[in-house]
Amino acid sequence: MLMQPHEARLAALREELKRRGLDGFIVPISDEHMSEYVGDYAQRLGWLTGFGGSAGFAAVTLTHAAIFVDGRYTVQVREQVDGNLFEYRSVPKDTLAGWLSDVCESGARIAYDPWLHTWAWVEALEKRVAAKGIVMVPAESNPVDAVWADQPTPSPAIAIPHADDLAGRSSADKRAAVADWLAKEGHDAVVIPALDSVAWLLNIRGSDVSHTPVALSYVIAHKDGSAELFIAPEKVTPELTRHLGNAVTIRDRAAFEGALGSAFAGKSVALDPDFAVVGIAQALRAGGASFAFKQDPTILAKAIKNPAEQQGHRDAQARDGAAVSKFLRWLEIEGPKGGVDELSAAAKLAAFRAEDPGLRDLSFDTISAAAGHAALPHYKVDEDSNIPIPPGSIYLVDSGGQYPGGTTDITRTVWVGPGEPTQEMRDRNTRVLKGHIQLARAVFPQGTAGGQLDVLARQYLWEAGVDYAHGTGHGVGSFLAVHEGPQRIAKPSGGQAGTGQELFAGMILSNEPGYYKQGAFGIRIENLVLVEERQIAGQEGTYLGFETLTFVPLDRKLIDTGLLTAEEIAWVDGYHAQVRALLNPRLSGDDLAWLERETQPL
């Protein structure tokens, strides 16, 4: 009997581990830059297991294998991964260290790829398994790569300059700020592996990772304001060379590890603990450099958008709002006929966005979720999971676009007729809306962190004894990553990264409370917001609030006005008036008539 593909791949990996004298290997979804979304060449977990989610990892020993995912993927992992090959493990309840301790003998040698894990991750795991006598071993090369015969090669796409008028600051100005930081912190250089940080610092973009306009590269920034860009030669054009100028030396990406080992003997180098992998630290140490873990100095600067970036984002939102509005009108007509499924709906929305010549890409894979799938917050439709959108049901669509001026991310939940939504649906949607409004209207003193605001969005759901299991808001890049730190709005408990980060004027975040009834329906309302200064009569100190950036009608059929206060009704009516004013010039004919109808006062 022939082995199935994933069974054969698992067997091949085990043979490779035996050949190397290893007892196991850890397989994450990761690349050398610790990116959230990775290129096809780095999709090792998907190749080995069949899992298509964006977060998770597997552990393989010679006799056992397990796949670890969080609550977002509990259903998906069982649909995609063979339970006869991999045990299903749920984090944070189940830990890798605990599993290894259960299945491994004392003295077991468990390997990891030092270019796919951070120093802190390895250090913590080593401490936890030491009691069992398990030894963690950095692999000289990735054993999955050794058995992945048709592994894609990294993207050869060229890197392109990002115009200074869109960036709002020159690369020279940004590098000078990094140099000032290095002088203040007492370091000679900082290694910048995060792809969006490289893109922001040098004002370049690329197309090496789906939906995130970055180029595979590293930067070493020096205390004199100069920098070295390590990038594959085929990505470099004369235009890029001219754009970077004489202060940026372009070197082959393949020379990066060697440069770390030879150029910094006796020098001090800063590394970001979240993005600098073990391989970088090992290379520096081998070359005689000292290093210290400190946050990449571009991260906070990148998060605080300058006026040019803010205006570029507003332009992107106007373009995007028109496309999403056309889609919602189309769905209102076609959905009740019963011929639309999740994939065809996502494709139609992408087609409406593509009508705009300014669109560069989607900002992530569209979450097109019907019926019970809408109750999976991070559902990703594919050919196997695709279902028709049932007439008389809720449909949730979370999507976004990449435009030269900005990155968009919007969720709308709509009723697909015929018939009317249940009172439970309207109640839950209205409670989500009330929380959304309270966060949108929030005014708070300088120094407030996102974690302190999260309760505003949840309070009306809590009143009804329900909640949602994801964060309320994430940062968003400027024609960069749709999920960008360091700011975040989420419950302060549970170690959520970024919830303690102070919010500053210029930061862009999402405002996206939700509600999910397993197997039945899901609701989320998401707009992007800009942190801005607020003037209050008699104020003492600096106060901040949010400017709403996303403008697309809310589904009136899912709103129970009896649950809204007069102030909340005024907010919805004022929001819809802004939607109408912004999108009116961009729509015509039946689309414009639909907009006028959907934005009438409640």
Side-chain angles (χ1 to χ4, degrees), residues 320-355 366-377 379-399 410-433 514-526 551-562 572 576 579-580 583 586-602:
D320 207 60
V324 177
S325 295
K326 290 177 182 178
F327 166 75
L328 293 178
R329 174 185 168 263
W330 171 85
L331 183 65
E332 182 183 274
I333 296 168
E334 298 300 325
K337 299 176 183 177
V340 181
D341 60 32
E342 293 170 331
L343 278 177
S344 65
K348 189 67 176 180
L349 176 53
F352 280 123
R353 279 197 169 99
E355 290 177 1
T366 297
I367 298 173
S368 175
H373 284 165
L376 305 173
Y379 171 70
K380 180 180 175 182
V381 61
D382 58 27
E383 294 287 351
D384 293 328
S385 68
N386 182 39
I387 61 171
I389 300 174
S393 71
I394 275 180
Y395 170 72
L396 184 154
V397 59
D398 186 347
S399 67
I410 173 176
T411 307
R412 286 295 180 266
T413 305
V414 297
W415 174 256
V416 177
E420 296 293 330
T422 66
Q423 182 53 37
E424 179 189 31
M425 292 173 176
R426 297 176 76 230
D427 176 274
R428 297 302 189 244
N429 181 81
T430 307
R431 290 179 185 276
V432 169
L433 175 60
Y515 169 76
Y516 309 93
K517 184 174 183 179
Q518 187 172 351
F521 64 89
I523 291 162
R524 189 160 63 251
I525 299 172
E526 177 184 19
F551 293 101
V552 170
L554 304 165
D555 190 343
R556 304 160 67 87
K557 293 180 288 297
L558 286 168
I559 298 174
D560 181 350
T561 54
V572 173
H576 277 154
V579 172
R580 192 163 57 248
L583 300 186
R586 294 178 175 271
L587 298 175
S588 60
D590 292 339
D591 290 325
L592 181 57
W594 177 88
L595 179 76
E596 294 284 351
R597 186 190 80 211
E598 290 301 304
T599 56
Q600 289 300 307
L602 291 177

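Since this is a predicted model, take the numbers as computed values, not measurements.
A pairwise comparison of heavy atoms in Ala345 and Val340 identifies CB-CG1, 3.9 Å as the closest pair. The shortest non-hydrogen separation linking Val552 to Gly321 is CG2-CA, 3.6 Å. Scanning both residues, Thr366 and Ser399, for their nearest heavy atoms gives OG1-CB, 3.7 Å. The two residues Tyr379 and Ala369 make their nearest non-hydrogen contact at CD2-CB, 3.9 Å. For the pair Ser393 and Pro390, the tightest heavy-atom approach, listed with the atom from each and the gap, is OG-O, 2.5 Å. Listed here is the closest heavy atom pair of Tyr516 and Ala375: CB-O, 3.6 Å.
The side chain to side chain donor-acceptor pair (under 3.5 Å) search around Tyr395 returns Ser368, not counting sequence neighbours. Taking Ser344 as the reference, Asp341 meet the side chain to side chain donor-acceptor pair (under 3.5 Å) condition, with sequence neighbours excluded. The side chain to side chain contact (heavy atoms under 4.5 Å, CB included) test applied to Pro391 returns Pro418, not counting sequence neighbours. Gln518 meets the side chain to side chain donor-acceptor pair (under 3.5 Å) test with no other residue; sequence neighbours excluded. Qualifying ring pair (Phe, Tyr, Trp, His ring centres under 6.0 Å) partners for Trp330, counting only residues two or more places apart in sequence or in other chains: Phe327. The side chain to side chain donor-acceptor pair (under 3.5 Å) check on Lys348 picks up nothing, with sequence neighbours excluded. Residues passing the side chain to side chain contact (heavy atoms under 4.5 Å, CB included) test with Asp427, sequence neighbours excluded: Gln423, Arg431, Leu563. Residues satisfying the salt bridge (Lys or Arg N to Asp or Glu O under 4.0 Å) test with Arg524, not counting sequence neighbours, are Asp398, Glu512. Pro601 pairs by the side chain to side chain contact (heavy atoms under 4.5 Å, CB included) definition with Asp573, not counting sequence neighbours. With sequence neighbours excluded, the residues forming a side chain to side chain contact (heavy atoms under 4.5 Å, CB included) with Glu383 are Leu343, listed by chain and number. With sequence neighbours excluded, no residue forms a ring pair (Phe, Tyr, Trp, His ring centres under 6.0 Å) with Phe352.
Counting heavy atoms from C-beta outward, Leu331 and Val414 have side chains that approach closer than 4.5 Å. Here the side chains of Ile367 and Val397 are not in contact, with every heavy-atom distance at 4.5 Å or above. Ile559 has its side chain out of reach of Asp555: every pair of non-hydrogen atoms, C-beta onward, lies at least 4.5 Å apart. Between Ile525 and Leu554, some side-chain heavy-atom pair lies under the 4.5 Å cut-off. When side chains are defined from C-beta on, Leu595 counts as touching Val579, because their heavy atoms get closer than 4.5 Å.
No donor-acceptor pair under 3.5 Å is formed between the side chain of His373 and the backbone N or O of Lys380. In this structure, Glu342 contributes its side chain and Ile387 its backbone to a donor-acceptor pair below 3.5 Å. Judged purely by atom type and a 3.5 angstrom limit, Ser325 has no side-chain atom pairing as donor or acceptor with the backbone of Ala322. A donor-acceptor pair is defined here as one N or O able to donate and one able to accept, closer than 3.5 Å; such a pair exists between the side chain of Asn429 and the backbone of Leu558.
Leu583 CG to Glu598 CD: the interatomic distance, rounded to the nearest 0.5 Å, is 12.5 Å. Here the CZ-CG distance, from Arg426 to Asp560, works out to 4.5 Å after rounding to the nearest 0.5 Å. With rounding to the nearest 0.5 Å, the separation of CZ in Arg556 from OG1 in Thr561 is 9.5 Å. Note that CD1 of Ile523 is 12.5 Å distant from OG1 of Thr411, once rounded to the nearest 0.5 Å.
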Test side-chain contact (heavy atoms from CB on, under 4.5 Å) on Glu596 and Arg580; report intermediate values, then the result. CA-CA 7 Å; Glu596 294 284 351; Arg580 192 163 57 248; 3.1 Å; yes
Between Ile394 and Val416, is the side-chain contact (heavy atoms from CB on, under 4.5 Å) condition met? List the steps. CA-CA 6 Å; Ile394 275 180; Val416 177; over 6 Å; no
Please test Tyr515 against Phe521 for side-chain contact (heavy atoms from CB on, under 4.5 Å), starting from the C-alpha separation and ending with a verdict. CA-CA 9 Å; Tyr515 169 76; Phe521 64 89; 3.8 Å; yes
Test log, rule side-chain contact (heavy atoms from CB on, under 4.5 Å), inputs Arg412 and Leu396: CA-CA 6 Å; Arg412 286 295 180 266; Leu396 184 154; over 6 Å; no
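The salt bridge (charged side-chain N to carboxylate O under 4.0 Å, His left out) contacts involving residues 322-338 comprise Lys326-Glu355, Arg329-Asp590, Arg329-Asp591, Glu332-Arg597, Glu334-Lys337, where partners must be two or more places apart or lie in separate chains.
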